Amino acid sequence: MSLMQEMNERAAELGVPMGVHLDITYRCNERCVHCYLDHDDHGEMTTAEIKDVLDQLAEAGTFFLTLSGGEVLMRRDFFEILEHARRLLFNVRVKTNGVMIRTQEAQRLRELGVEQIQISIYSHRPEVHDAITKLPGSLKRSVAAIRFLKSQGLKVTIANVLMTANMRDHAGVQALARELGVTYTLDPTITPKMDGDTSVLRLRIPGSELNAVFHNKDLVGNVEEFCAPPPPPGEDVMEGYPCSAGHTAAYITPYGDVFPCVQFPLPSGNVRRQKFMDIWRDSPELNEVRSIRAKDLPVCSTCRHVGTCTRCPGLAYMEGNMRGPSTADCETSFHRTGILTANMLRKARSNAPGPLVQIRLLAV
Amino acid sequence: MSERYIARSTAIAARLLGGEMMVMSAVDSTFFTLNEVATAIWRAADGYTPLSEIVARSVCSEFDVEPEVARRDAEQFVDELSRHGILLVSDHPLNNPSSGLVESA
């Protein structure tokens, strides 16, 4: 077990929200076709409110702080917020599209000791990237931002979300990341909008492409290991919890709403009305999330994949039941290993027509 | 041996978790946890108190340890953290870059 895993376990035992994702705005200068947010400002927290939340998070023991949006630089007070966060000694990671980052901004990010900056790049081809962001020239500007950041010695990660429009471009983006000397990550998951609208799911890549991604050694490393059939789950798996959401991680919206995770929009309280720690400790919603063990999942507990599946309780929640399966993760487990999930088998059975020849025993 | 002065770098993240200080370098992402004694030295690293005085005041008087052992261990600890840019070390007092930084919890 790594030191980091050890500290995460200790945080879980002590009930410490070790990592918090704070979206400081939903406003954005891009209009990505797959985005799950509404970009209007419905009353964002003020600078003072955000600083107060940061003070509370430091007091609560939060170590990892992700500042994201929307586009973080749409807030004129972004650097004031960041400066306050760094004064409180958070490990800060920033997610941005980079289009507003030039030398001066990159320099400031370095001076403030930001640990990592993540920039979304959808394609190495401007016509594809810019069609997804709906901002002409955005690829050029994002790549320029990466160069500014790198020139300051900052660590940059390219996040490559895959969807139908760019599903064949991951090799090009990976090559671009290599050329720029930055880390590359790929995410094939498109999530429903925060308001429950699932129309964006039509952009998800088809199963055949998912299969190709999972069997590409340039993306997953050791294919045999990555795609290995799941081992039988032990008792530790059945007693385990699915992810850090609500256990050591939380999400706060620009309006102060607290959720277990950015991908798990279960309203659990609002920092404008309550102290963060009161929500974290006492919210019935967060306590319900924390109470769920793998053995409590009616379908997934019977699934061969239960110990290795990336099942996201937030995606399951958005499908209607936080204890239910997440279809996207069922697809992932299936296309990774070739083994059907319990959820897929259940659906196949319920959709199957009756047998051609039916015999009924009549009571005499 | 000349005096050494130590100060915390500003390019770090730090938080107390269950009595141990977690420290991460923003420069190379090295992650450390400091035990109680190391945490005491870390907290006292104000840039102008000599290391020998920190050891005497924050270690020897608070923990059951021989002064010579405490001094040797503290020197090793300081060398290790300074290699990762987490502590700044000098043979003269430093302007404390970390004044005003708060590592709560």
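Treat the numbers as computed from the prediction; the structure is a model and nothing was measured.
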(Q) Between B:Phe32 and B:His84 (judged by ring centroids, cut-off 6.0 Å), do the two rings come close enough to count as a pair? (A) yes
**Message:** Can you confirm whether or not the ring centre of A:His247 sits under 6.0 Å from the ring centre of A:Tyr241?
**Reply:** yes
Original post:
A:Glu44 and A:Thr25: side-chain donor and acceptor closer than 3.5 Å?
Top reply: yes
Problem - Flag for A:Glu115-B:Ser29: side-chain donor and acceptor within less than 3.5 Å - result: yes
(request) Kindly confirm or rule out a cation-pi arrangement of B:Arg15 over A:Phe90, judged by NZ or CZ under 6.0 Å from the six-membered ring centre and within 45° of its axis? (result) yes
Within residues 69-77 of chain A, contacts to chain B at heavy-atom distances under 4.5 Å involve none
Taken to the nearest 0.5 Å, the spacing of A:Leu112 CG from A:Leu154 CG works out to 10.0 Å
Turns out that what part of A:Leu3 lies under 4.5 Å from chain B's heavy atoms comes down to both
